[in-house]
Amino acid sequence: DLHYFIQSNLRMESVRAAFRGPAEDDESLIDGMENYCNLSWENRLYAFGGCFVIGIFISIFGTIEVWFGKYTAFAILYTLGTIVALAGSCFLRGPISQVKKMFDKDRLVATIVLFAAMILTIVAGAVIKSAILAIICCIVQFLAFTWYTLSYIPYARNAVKSCFSGVTGLECPC
């Protein structure tokens with residue numbers, strides 16, 4: 001049906017535009033590297049979703065390791081899962097653009113906290129071998145990844161802040 005095909009393409013174009021961000025007229029050699037991948041937009045969405053789901057499963061498998069007392073495996077697998085899920089977003093924007101967007105002023109704090117939490121999770125679990133410290137770092141990692149991810153959804157952070165304030169009666173510190 002032609003009408004369905006046109007509507008589907010218009011929806012896909014609006015999703016594509018939301019992730020791509022504003023167009024830039026000057027394309028440097030580094031920006032041109034983002035054209036390395038000849039995947040269609042639909043395939044890029046599948047690749048992103050696949051990486052995100054695989055990352056979540058790796059993190060879940062890492063979490064299971066806690067019950068067996070394998071804190072090094074927990075820290076490494078959980079952090080690897082976060083990295084795989086985060087890397088999937090490179091399919092949406094391209095790797096160079098994604099790295100640039102990670103350090104925008106709206107995402108800078110979340111990005112720094114996320115990277116610090118990933119490093120500290122591995123250090124706590126693999127080097128210090130402290131279960132409680134690794135779990136605390138993992139929780140911080142999860143919260144930072146969630147806050148970072150919400151920065152890509154319009155008004156999502158504001159909605160979370162409003163819910164926090166409504167439930168607790170406190171002003172959200174973030």
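Cluster annotation: Ile83 is connected to Phe115 through the hydrophobic network of ILVMFWY side chains, with a link wherever side-chain heavy atoms come within less than 4.5 Å. If you chain together hydrophobic residues whose side chains sit under 4.5 Å apart, Ile76 and Val127 never meet in one group. Under the 4.5 Å side-chain contact rule for hydrophobic residues, Ile139 and Leu86 do not share a cluster. At a threshold of 4.5 Å between side-chain heavy atoms, the hydrophobic network of Ile, Leu, Val, Met, Phe, Trp and Tyr places Ile64 and Ile56 in one connected group.
Counting only residues at least two apart or in different chains, side-chain hydrogen bond (donor to acceptor under 3.5 Å, both in side chains) contacts with residues 62-79 comprise Thr72-Lys129, Thr79-Gln141. Within the structure, no pair that satisfies the side-chain hydrogen bond (donor to acceptor under 3.5 Å, both in side chains) test touches residues 50-61, not counting sequence neighbours.
Chaining together hydrophobic side chains whose heavy atoms lie under 4.5 Å apart places Leu77 alongside Ile54, Ile58, Leu80, Val84. Through ILVMFWY side-chain contacts below 4.5 Å, Ile122 is grouped with nothing and stands alone. Other cluster members for Val140: Val109, Val113, joined by side-chain heavy-atom distances under 4.5 Å among Ile, Leu, Val, Met, Phe, Trp and Tyr. Hydrophobic cluster membership for Ile136: Ile132 (Ile, Leu, Val, Met, Phe, Trp, Tyr linked by side-chain heavy atoms under 4.5 Å, directly or transitively).
Between the side chain of Thr111 and the backbone N or O of Met102 there is at least one donor-acceptor pair closer than 3.5 Å. Looking only at distances, a side-chain donor or acceptor of Ser151 sits under 3.5 Å from a matching main-chain atom of Tyr148.
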### Message
Is there a side chain to side chain contact (heavy atoms under 4.5 Å, CB included) between Thr82 and Leu114? Walk through the geometry before answering.
### Response
CA-CA 9 Å; Thr82 302; Leu114 176 60; 4.0 Å; yes
#### Entry: From CA spacing to verdict: side chain to side chain contact (heavy atoms under 4.5 Å, CB included), Phe74, Cys138
CA-CA 9 Å; Phe74 158 68; Cys138 175; 3.6 Å; yes
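Rounding to the nearest 0.5 Å gives a distance of 10.5 Å between CD1 of Ile135 and OG1 of Thr121. To the nearest 0.5 Å, atom OG of residue Ser89 and atom CD of residue Gln98 are 3.5 Å apart. Atom CG of Leu45 sits about 8.5 Å away from atom OG of Ser40, to the nearest 0.5 Å. In this structure, the separation between CG on Leu92 and CZ on Phe52 is 11.0 Å, given to the nearest 0.5 Å.
In Phe68, the CZ atom is not crowded: 12 or fewer heavy atoms of neighbouring residues, nucleotides or ligands sit closer than 6.0 Å.
Looking at every heavy atom in both residues, Cys51 comes nearest to Gly88 through CB-CA, 3.5 Å. When every heavy atom of Ala75 is checked against every heavy atom of Gly125, the shortest pair comes out as CB-CA, 3.8 Å. When all heavy atoms of Ala110 and Ala144 are compared, the pair lying nearest together is O-CB, 4.1 Å.
Take Tyr46 and apply the side-chain contact (heavy atoms from CB on, under 4.5 Å) test, not counting sequence neighbours, and it matches Glu42, Asn43. The ring pair (Phe, Tyr, Trp, His ring centres under 6.0 Å) test applied to Phe145 returns no partner, not counting sequence neighbours. Under the rule for a side-chain contact (heavy atoms from CB on, under 4.5 Å), the partners of Ile112 that lie at least two apart in sequence or sit in another chain are Leu108. Scored by the side-chain contact (heavy atoms from CB on, under 4.5 Å) test, Ile119 finds Val123 as partners (sequence neighbours excluded). For Asp104, the salt bridge (Lys or Arg N to Asp or Glu O under 4.0 Å) partners two or more places apart in sequence, or in a different chain, are Lys101, Arg107. Residues meeting the side-chain contact (heavy atoms from CB on, under 4.5 Å) test with Leu120, sequence neighbours left out: Cys137.
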